[in-house]
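Okay, so here's the structure we're looking at.
We name chains A, B, ... by the order of the sequence lines, and we start the count at 1 in each one.
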Amino acid sequence: MSADMHVLDDLQWRGLVAHSTDLDALRAEMDDHPVRFYVGFDPTAPSLHMGNLLQILTARRLQEAGHVPYALVGGATGMIGDPKNSGERALNDLDVVKAWVERVRGQIEPFLSFEGSNAATMVNNYDWTASLSTIDFLRDIGKHFPVNRMLARDVVRSRLEAGISYTEFSYVLLQSMDYLNLHRDHGVTLQTGGSDQWGNITGGVELIRRVEGARVHALATPLVTRADGTKYGKTEGGALWLDPEMLSPYAFFQFWLNVEDEKVGELLRAFTFLSHEEIEALDAQTSEKPFLRAGQRALAEHVTALVHGAEETARIMAASTALFGGGALRDLDVDTLAAALREAGSVEVERADGLPAVVDLMVASGLSRSRSEARRTVAEGGAYLNNVRVRDPELSPTESDLLAGSWLVLRRGKKNLAGVEVLR
RNA sequence: GGCAGGUUGCCCGAGCGGCCAAUGGGAGCGGACUGUAAAUCCGUCGGCUUAUGCCUUCGAAGGUUCGAAUCCUUCACCUGCCA
């Protein structure tokens, strides 16, 4: 971060401001005193993902600039679900939502500082929503929401054909109420979020103006999309989860390493704390010597370190070098090989009468979901044993194939690797 | 409430009694080219101890038939028109 640059200018440079209310007014307020701001996360899954990470990092940038974060976990809004274009959400049970609230909270906390004069605060909107009576809600909040305005919102309009429940239709009231409460009780005057939340965010801005007569601010980051505009953050395991149980740190690292050239500069800006100079130097390398993938390497290293820690990242990078470095697998010593394969993902297999056939190993290691799929992969020439293409699906590795006495390296396609440790 | 139309594999969408595990497109996966990019081209794309075999699938449950995604009945949901 360039220390002497205004945080709003930094955010803009990083491409993080897609929508905003009056930026000059916000800047004036920031220059006058630390601004209390909030960003909300709904527990709609057991883990946060890439899109949420962008919000967390943006909050951290603001905190590093001296402002005061309120991280809201939506124990209440998570019970309702915000409307999305693809259709009505399934409601989750209270117990499930409560468990997810705790997990989400735990994922956010490491990114913020809870000490000092601008310490962060965690809040849960369940606290002020659960006991609210319907009558009070309709009189105090509902009265300020013209239905014609609510109907005009993009998400709602797109759902009118297919149908939208009153529950989801009402979501905006809850999020707006959150902003109002945080404004009243904590003096919060800025809400940040993804651009898909813009409607919900401005709902709060408007509610506060109507009820309190105060002018508060809003900032929305752009949605992270691929170069062709489609959704980002998809891996074979589904979304780009932050939870290491749901997506291995190795797979997380690989995702960033494989980002297209066209997007790497944008992602470096949005997801790392590298300085403008460092990022511009990486941009230059990407355009001059794209094959070096300097931008991707830096991106993968920095983001993985932010989420999974520097030590884990170092192990992953060592594993990547060992497995993708181009060197012969046989030349690796046992410890390096075993560590690399455990990082990349591995299974243990019992030795019966000889070793299992390649198709079975593919299934056992999770590289293929069924024997049919494994056979298909072999037929397509996409299966490799110790980096040698396998042609016969029924082939069983022999003792002499074992690396370091007990390891096999299976690969599907270019990038999907798994280790098999053969036990006595 | 009445009438009409719809519900097909991950998504969109053909099929309208046997040749249907089901045309086509997209996504996904593999190969070639490269740089563990992108684009392009080719292939593949329900499962099973790979099998001129078996099992499961065309909203759900029954029925007709030698044989059903295709016909009939009931139910559920969606859309449109009329009240």
message: Using whole Å, what does the distance between atom P of nucleotide A37(B) and atom CG of Leu268(A) come to?
response: 18 Å

- request: Both distances under 3.5 Å, Watson-Crick or G-U wobble: report the partner of C41(B), or none.
  value: G31(B)

field: Arg412(A) CZ - C29(B) P separation (whole Å)
entry: 7 Å

message: Atom CD of residue position Glu311(A) - does it have more than 12 heavy atoms of other residues, nucleotides or ligands inside 6.0 Å?
response: no

- request: Mind calculating the distance between CG (Leu367(A)) and C1' (G30(B)) to the nearest angstrom?
  value: 13 Å

Distance-only donor-acceptor check, side chains Gln175(A) and Thr77(A), under 3.5 Å: no

- request: Answer yes if the side chains of Glu301(A) and Thr313(A) hold a donor-acceptor pair under 3.5 Å, and no otherwise.
  value: no

Show me the protein contacts with nucleotides 51-53 of chain B, counting only N or O atoms at under 3.5 Å.
none

message: Over 60° means perpendicular and under 30° means parallel, so tell me whether His276(A) and Trp13(A) are parallel, tilted or perpendicular.
response: parallel

- request: Please check if any side-chain donor atom of Trp128(A) sits under 3.5 Å from a side-chain acceptor atom of Asp178(A), or the reverse.
  value: yes

message: Let's test this: given Watson-Crick or G-U wobble pairing with both distances under 3.5 Å, identify the partner of C81(B).
response: G2(B)

field: Identity of whatever pairs with A51(B) - Watson-Crick or G-U, under 3.5 angstrom
entry: none

Separation of the P atoms in A76(B) and A61(B), to the nearest angstrom: 15 Å

- prompt: Are any of Arg371(A)'s side-chain N or O atoms less than 4.0 Å away from OP1 or OP2 of G47(B)?
  reply: no

Interatomic distance, Lys263(A) NZ vs U36(B) P [rounded to whole Å]: 22 Å

Note: Arg61(A)-Glu64(A) ion pair, threshold 4.0 Å (strictly below): no

query: Within this structure, what is the CD-to-C1' distance between Glu301(A) and U36(B), rounded to whole angstrom?
result: 17 Å

Atom P, compared across C10(B) and G62(B): separation rounded to whole Å: 23 Å

message: If I pick the C1' atom on G5(B) and the same atom on A32(B), what distance separates them, to the nearest angstrom?
response: 48 Å

- request: Tell me, yes or no, whether the heavy-atom count around Leu423(A) atom CG, taken from other residues, nucleotides or ligands under 6.0 Å, exceeds 12.
  value: yes

- request: Quote, to the nearest angstrom, the C1' distance that separates U56(B) from G2(B).
  value: 40 Å

message: For the P atoms, the ones on C11(B) and on G47(B), what distance do you get once it is rounded to whole angstrom?
response: 16 Å

message: Without decimals, in angstroms, what is the distance between Glu260(A) CD and U36(B) C1'?
response: 13 Å

- request: Nearest 0.5 Å please: distance from the CG atom of Leu247(A) over to the CZ atom of Phe252(A).
  value: 7.5 Å

- prompt: Considering Watson-Crick and G-U wobble pairs with both distances under 3.5 Å, what does G24(B) pair with?
  reply: C12(B)

- request: Please indicate whether Phe271(A) has more than 12 foreign heavy atoms, meaning atoms of other residues, nucleotides or ligands, lying under 6.0 Å from its CZ.
  value: yes

message: If only side-chain N and O atoms count, and only distance matters, is there a donor-acceptor pair under 3.5 Å linking Ser370(A) with Glu373(A)?
response: no

- prompt: Considering Watson-Crick and G-U wobble pairs with both distances under 3.5 Å, what does U65(B) pair with?
  reply: none

query: Would you say the side-chain atoms of Asn200(A) and Gln191(A) include a donor-acceptor pair closer than 3.5 Å?
result: no

- request: Among the candidates A37(B), G47(B), U36(B), find the nucleotide nearest to the side-chain atoms of Ser370(A).
  value: G47(B)

field: Given C48(B), A37(B), C29(B), the nucleotide with the shortest approach to the side chain of Lys415(A)
entry: A37(B)

query: Side chains of Leu299(A) and Gln296(A): closer than 4.5 Å at any heavy-atom pair?
result: no

- prompt: CG of Leu257(A) versus P of A37(B): gap in Å, rounded?
  reply: 9 Å

- request: Please confirm whether Arg411(A) makes a cation-pi placement over Tyr384(A), using NZ or CZ under 6.0 Å from the six-membered ring centre and within 45° of the ring normal.
  value: yes

query: Can you tell me how far P in U40(B) sits from the matching atom in C45(B), rounded to whole Å?
result: 22 Å

- request: For A76(B), give its Watson-Crick or G-U wobble partner with both distances under 3.5 Å, or none.
  value: U7(B)

- request: Round to the nearest Å and state the distance from Arg411(A) atom CZ to G31(B) atom P.
  value: 8 Å

Protein-nucleic acid N or O pairs under 3.5 Å, nucleotides 32-35 of chain B:
residue, atom, partner, partner atom, Å
A32(B), OP1, Arg389(A), NH2, 3.3
C33(B), N4, Lys414(A), NZ, 3.3
U34(B), N3, Lys414(A), NZ, 3.3
U34(B), O4, Lys414(A), NZ, 2.3
G35(B), O6, Asp261(A), OD2, 3.1
G35(B), N1, Asp261(A), OD1, 3.2
G35(B), N1, Asp261(A), OD2, 2.5
G35(B), N2, Asp261(A), OD1, 2.6
G35(B), N2, Arg293(A), NH1, 3.3

message: Are more than 12 heavy atoms, taken from residues, nucleotides or ligands other than Arg389(A), located less than 6.0 Å from that residue's CZ atom?
response: yes

Can you tabulate the close N/O pairs, meaning under 3.5 Å, that link protein atoms to atoms of nucleotides 40-44 of chain B?
residue, atom, partner, partner atom, Å
G43(B), N2, Glu380(A), OE2, 3.0
U44(B), O4', Glu380(A), OE2, 3.3
U44(B), O2', Glu380(A), OE2, 3.2

message: Say we look at G43(B) and U52(B): how far apart would their C1' atoms be, to the nearest angstrom?
response: 24 Å

message: Assuming nearest nucleotide by heavy-atom distance, tell me which of Arg369(A) and Gly381(A) is located more 5' along RNA chain B.
response: Gly381(A)

query: For atom C1', what is the distance between A22(B) and G9(B), given to the nearest Å?
result: 9 Å

